[in-house]
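Start at 1 and go down the list; that is how both ligands and their atoms are numbered.
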Amino acid sequence: MNESSMISFTKNLIQLIFNEKNKTYVKLSIISLTAVYIFSKVIFFTKEKWRLKDKNFPPALKGNFLTKNFFEARRYHMANKTHQFFSNLNKEHHIISFQIPFIINGVSVSKASLAKKIIYDPSRFNRADVLSEEALEGLTKKSLFMLKGDIHKKHRKMLQPGFSPSHLRIAFEASKECCGRLFKAFHEKKIETFNVYDYFKYISIDVIGKTIFSYDFELSKDLDVDTPKYDSLKQLENLNVAMQKRGLPRFLWWFFGVSVGQIRRMAKGINDTVSTVIEAKKRSLNNRDPSTIVGKWGMDVLDRLIENAWEIGKNNKEAPFTNEELRDEVLGFYFAGLGTTTDSLGLAILDILTNPRVQKKLVEEIDATYNKDGGFNHENFNAMTYIDYVVKECQRIHPIAFALVKIAMTDTELEGYFIKKDTPVFINLLSIQTNKEYWGEDALEFKPERWENGFIPVNGSYMPFSDGIMACIAQKLATVQMKVVLIEFFRKYDISLVPGQDLSLSVLNGRFGPEKGITISIKERNL
Ligand code: HEM
């Protein structure tokens, strides 16, 4: 359990105990189970402290021997500024420990070379089981972003061909189409001012659907948000919120509505949709019916996955992917891709609109290239360079995955400091990617031009999609989508921020961005 889930745990617990609807025996069982849990933690940590008393832990910057930096952390969390807590802690030291007594004893790293070392040494630092399998039990137990070791390698090998250049073309066309129909709906419904998160998520879900398994959720079309087609998104959003409660001790899951059975019921609709598509695809692949398998640019990611799984299974005599594995992978893409792309797009719009010089230069490039060769196509898209620098710079200065989380697999050491087995290790991307040591005196300035002339950053100082074997498998796809959406929006509209909003960045419910979103005004350009 990390500090933010500990704070929401405490809040939720108090609500449960004081909720008048709950019967006395329910309240008493919650109180006694929690007391037993806390007592067992106290015993465990006291024993551990004694055992490790001579070890050289990384420095902890604040706090006293009893509360450690709990109150410092709490101050930031209560203000939803976790990202600043990390950055501030790592400002002076490259490696620090932050300790919340009885709850967490984590390490935060902000040295580029050390970050690389951690990422490339999975035998010492890897994904935490508790952060993955347990958290998603009942939902997507076998999706790539929660696997590790040989099973991760097997899934990655089968999935990789699904992210080949032909799929980037599908992503390009899908993003373009989704923007087009969203603009049509804006026009028909006379929408001129809106919160970007409200609509970018429709594009993200539709693009993932179309690219991964040729399924059109049609959420960026019509915008009749009360119709049943929006239920799948609501389900995904509810599941995302539910997943955050999985940070609570397991015995409390049922009370908070996130037990395995409860989550299975919540996920039923979306699971059924995906299973139906998989069945149809398996049938059409069996029959080799090109009209149902192949999109304009070839097979989609799911086709490729099914086909690969069969091929590899045939050659190596491994069992092909089960339907459950296939479904988990598809759903996993939504969990890994929906919020990340939507939030990255939000932050990119914010970065561009708060830098009028960049906005002007970007629009000039778009106007000069957009209609070359008879319309916006994959070729003139690839000819645009400034948009590339802009997106890279957005992801440098505001990486939505602002800390990459690993866990120590054994008792080990980093730069001479002792790291205990199971310690969470946070690679502080936000700090690394804005560090003057790596980026120069203008590290905190939003300056896309730094990427000109094939600029290559210091090794390990730029990893918005992580790196190595567990780097984002869809990073090219996500980048294509972000670029197309930005190009289409800035081509179609004069865009400005609605004045008077609080745009300071925070971390709320897992989202890194302004707490209340980003409200913009759009006005169709006279082209
Ligand atoms: C701008 C958008 C995105 C960002 C910034 C992003 C970032 C990341 C990061 C940092 C990781 C590594 C996580 C770790 O350390 O465990 C990751 C992994 C992953 N991402 Fe993305 N992601 C984005 C979009 C997407 C999309 C659109 C999809 C799917 C369609 C996706 C699917 C995945 C998967 C499956 C993994 C696990 C890879 C593996 O373990 O082999 N991501 N992503």
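Salt bridge present: Arg396 and Glu393 bring a charged side-chain N and a carboxylate O closer than 4.0 Å. With respect to the salt-bridge test (charged N to carboxylate O, under 4.0 angstrom), the residues Lys447 and Asp442 qualify. A salt bridge does not link Asp216 with Lys221: every distance from a Lys NZ or Arg NE/NH1/NH2 to an Asp or Glu carboxylate oxygen is 4.0 Å or more.
Ranking the protein heavy atoms by distance from atom 23 (C) of ligand 1 puts Thr340 OG1, 3.4 Å first. Of the protein's non-hydrogen atoms, the one nearest atom 18 (C) of ligand 1 is Cys472 CA, 3.5 Å.
For Gln395, the heavy-atom gap to ligand 1 drops under 4.0 angstrom. Residue contact annotation: Leu147 has no non-hydrogen atom under 4.0 Å from ligand 1. Put simply, no part of Ser143 is less than 4.0 Å from ligand 1, judged by heavy atoms. Not close to ligand 1: Gln481, with no non-hydrogen atom less than 4.0 angstrom away.
Selection from Phe333, Phe465, Phe163 by nearest heavy atom to atom 4 (C) of ligand 1 gives Phe465. Evaluated by nearest non-hydrogen atom to atom 1 (C) of ligand 1, the leading choice among Ala171, Pro464, Ser344 is Ser344.
Here salt bridge (charged side-chain N to carboxylate O under 4.0 Å, His left out) pairs that include residues 334-343, with residues two or more places apart or in two chains, are Asp343-Arg511.
In this structure, Tyr215 has its ring center under 6.0 Å from that of Phe217.
Summarising the geometry, atom CG belonging to Asn428 is positioned 6.5 Å from atom CG belonging to Leu430; distances are rounded to the nearest 0.5 Å.
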